[in-house]
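Working notes for the structure below.
Just so we're on the same page: letters track the sequence lines, and every chain starts at 1. The figures that follow rest on heavy atoms only: side chains count, while hydrogens, waters and symmetry mates do not. These figures come from a predicted structure and were not determined experimentally.
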Amino acid sequence: MQITDGKISIPVPALFSFQECLHFLDRGYDDCLYSIGDGYVIKPLEIGGKKQLIRIKEGTNSLEVEMLNEKPEPLILQLVGRWVEDWFDLNRDLTLFYKLLDEHAQLSFMVENFRGLRLMGIPNLFEALCWCVIGQQINLTFAHRLKRRLVETYGTAISYQGQPYYYFPKPEVLAELDVEQLKTLQFSRQKAEYTIGIATAFARGELSKDKVKSQPSSEQMLQKLQRIRGVGKWTANYVLMKSLARMDCIPYGDSGLNTAVASFLKLDRKPTQQEVNNFFAPFNGWESYLVIYLWRTLS
DNA sequence: TTCCAGGCAGTAG
DNA sequence: CTACTGCATGGA
């Protein structure tokens, strides 16, 4: 990572495609927590309690990060750079995963077709959990609408060139809400209760990214997460993958995953958990990436 | 109209 | 243990 003149230049690894990553972020959904333009993404993020707004473009074998709202000191720039590396999962060598894909009779086409697609993270665990609750069992268009209402109502924003850029609401804010307030945003009673419960757990310090991280194994991380009401097997696996960058997660029950696996196995029904496990077996240690690539086949 | 979406908890057997 | 049900809305 190089920092010169208030800008950050991050070298990208082999098997990286900015275009594939942007495609993932775009996908036709209206997301309120970043903004995609032609060849760039603008993202608001908080570093050390300070609100930053960054624009990420592609350079020559690099990502170029520009600070849009202020010119912070080099230490902060360093942290912003690390955050971007985290978001795009840049510090991962995908050679082995690609070798496994290449050896696979049905999936080897992904090596060329999806080349360089990375696991785009949701570094904020609280946000990731809320997003799962919102997305549970409803169509993604409506899920994005619900998220937008939550963020625009209870989040904070900064303005850049006349446009507001929103930060996800703080747990302390959502923890103070009552169910009826979220129901006016068209949350179901259940989604409202789960969201407030998760916010309360974070606000009280019962749950945090560090607390989940400190568990010795993925299995125990899953168990810690699933103790929270509203967090089941699907959500726990999803957030371990997206927020903690664990590589061995399969969000069992995911309808998109079921659709993709059923299609490769030529089933006219949902695959059983055993069939999903068998399908994933050759990708031991790379399950999360395979999930991302299977979802990619659907869009 | 009915069915089902990037599920989950609660209950019954 | 498995099977079923309510939840909320919108698109196919």
Side-chain angles (χ1 to χ4, degrees), chain A residues 23-34 114 117-122 124-150 153 168 177-201 207 222-246 249-264 267-276 279-280 287-299:
Chain A
H23 174 269
F24 172 84
L25 292 177
D26 215 8
R27 281 181 302 169
Y29 293 113
D30 174 34
D31 199 290
C32 55
L33 293 177
Y34 50 78
F114 306 156
L117 172 62
R118 296 264 155 176
L119 198 171
M120 297 299 297
I122 305 177
N124 178 344
L125 176 62
F126 176 59
E127 175 193 328
L129 283 166
C130 292
W131 172 234
C132 284
V133 166
I134 289 170
Q136 280 167 11
Q137 193 57 17
I138 55 175
N139 66 74
L140 280 176
T141 309
F142 182 58
H144 277 88
R145 198 177 303 161
L146 281 184
K147 181 168 92 167
R148 176 176 288 281
R149 290 192 192 128
L150 182 74
T153 308
F168 196 78
L177 302 182
D178 55 56
V179 169
E180 297 307 318
Q181 286 173 285
L182 288 179
K183 283 190 75 178
T184 66
L185 305 184
Q186 282 184 289
F187 277 59
S188 66
R189 171 164 301 278
Q190 213 169 33
K191 286 188 195 307
E193 287 172 1
Y194 295 167
T195 302
I196 293 168
I198 291 166
T200 304
L207 187 63
L222 290 173
Q223 282 175 15
K224 174 147 188 75
L225 287 165
Q226 288 185 75
R227 279 203 287 272
I228 311 279
R229 200 161 157 266
V231 178
K233 203 183 332 185
W234 177 82
T235 298
N237 276 288
Y238 184 93
V239 301
L240 275 201
M241 171 171 122
K242 297 282 283 186
S243 202
L244 290 113
R246 303 291 295 185
C249 303
I250 305 174
Y252 294 104
D254 180 88
S255 71
L257 182 62
N258 282 339
T259 303
V261 172
S263 140
F264 284 112
L267 303 173
D268 55 3
R269 52 168 175 82
K270 283 194 308 190
T272 64
Q273 184 165 322
Q274 189 56 53
E275 285 168 330
V276 172
F279 188 77
F280 274 77
E287 289 86 349
S288 304
Y289 258 91
L290 184 56
V291 170
I292 295 296
Y293 277 58
L294 288 172
W295 279 338
R296 176 68 178 80
T297 65
L298 306 172
S299 63

Protein-nucleotide distance (R148(A), atom CZ; dG10(C), atom P), rounded to Å | 16 Å

So what does K191(A) touch, heavy atoms closer than 4.0 Å: a base, only the sugar-phosphate, or nothing?
-> nothing

Scan residues 192-201 of chain A against DNA chain C and write down, sorted by residue number, each residue with any heavy atom closer than 4.0 Å; if none is found, say none.
-> none

With sequence neighbours excluded, residues passing side-chain contact (heavy atoms from CB on, under 4.5 Å) with C249(A) = N237(A), L240(A), M241(A), R246(A), S288(A)

Does G256(A) offer a backbone N or O that forms a donor-acceptor pair with the side chain of D254(A) under 3.5 Å?
-> yes

Contacts of type side chain to side chain donor-acceptor pair (under 3.5 Å), residue Y29(A), not counting sequence neighbours | none

Taking the same atom, C1', in dT2(C) and in dA5(B), what whole-Å distance lies between them?
-> 24 Å

Which atom pairs, donor and acceptor, lie under 3.5 Å between side-chain atoms of residues 128-142 of chain A and protein residues at least two apart or in another chain?
unit_1  : atom_1 : unit_2  : atom_2 : d
Q136(A) : NE2    : G230(A) : O      : 3.0
Q136(A) : NE2    : T235(A) : OG1    : 3.3
N139(A) : OD1    : T141(A) : N      : 3.3
N139(A) : OD1    : F142(A) : N      : 2.8

Just how far, in rounded Å, is P of dG10(C) from CD1 of I134(A)?
-> 15 Å

Under the salt bridge (Lys or Arg N to Asp or Glu O under 4.0 Å) test, residues paired with R229(A) that sit two or more places apart = E193(A)

Rounded to the Å, how far apart are L146(A) CG and dG11(C) C1'?
-> 15 Å

To the nearest angstrom, the NZ-C1' distance between K233(A) and dA9(B) comes to 14 Å

Residues two or more places apart in sequence or in another chain: which of them pass side-chain contact (heavy atoms from CB on, under 4.5 Å) with L25(A)?
-> L22(A), Y34(A), I36(A), V41(A), W87(A), M120(A)

Residues passing the side-chain contact (heavy atoms from CB on, under 4.5 Å) test with R148(A), sequence neighbours excluded, are D30(A), C32(A), E152(A)

Nearest-angstrom distance from the residue atom CD of Q136(A) to P of dG10(B) | 13 Å

Please enumerate all protein N or O atoms sitting under 3.5 Å from an N or O of nucleotides 1-5 of chain B, with distances to 0.1 Å.
unit_1 : atom_1 : unit_2  : atom_2 : d
dA5(B) : N7     : Q137(A) : NE2    : 3.0
dA5(B) : N3     : N139(A) : N      : 3.4

Starting at atom CH2 of W234(A), determine the distance to atom P of dA9(B), rounded to an integer number of angstrom.
-> 13 Å

What pairs with K233(A) under salt bridge (Lys or Arg N to Asp or Glu O under 4.0 Å), at least two apart in sequence or on another chain?
-> none

Give the rounded distance in Å between these two atoms: OH of Y29(A) and P of dG11(C).
-> 12 Å

So do F279(A) and F264(A) actually touch side chain to side chain, heavy atoms under 4.5 Å?
-> yes

Take atom NZ of K270(A) as the centre, draw a 6.0 Å sphere, and report whether it contains more than 12 heavy atoms from other residues, nucleotides or ligands.
-> no

Identify, with sequence neighbours excluded, every residue that meets side-chain contact (heavy atoms from CB on, under 4.5 Å) alongside T272(A).
-> R269(A), Q274(A), E275(A)

Of all residues at least two apart in sequence or in a different chain, which pass the side chain to side chain donor-acceptor pair (under 3.5 Å) check with R149(A)?
-> Q186(A)

Upstream residue (5' side of DNA chain C) when F187(A) and T141(A) are each assigned their closest nucleotide = F187(A)

Contact list for DNA chain B against residues 224-231 of chain A - heavy-atom distance below 4.0 Å = I228(A), R229(A), G230(A), V231(A)

Separation of atom CD in Q190(A) from atom P in dG7(B), rounded to whole Å = 13 Å

Under 4.0 angstrom between R149(A) side-chain N/O and dT9(C) OP1 or OP2 | no

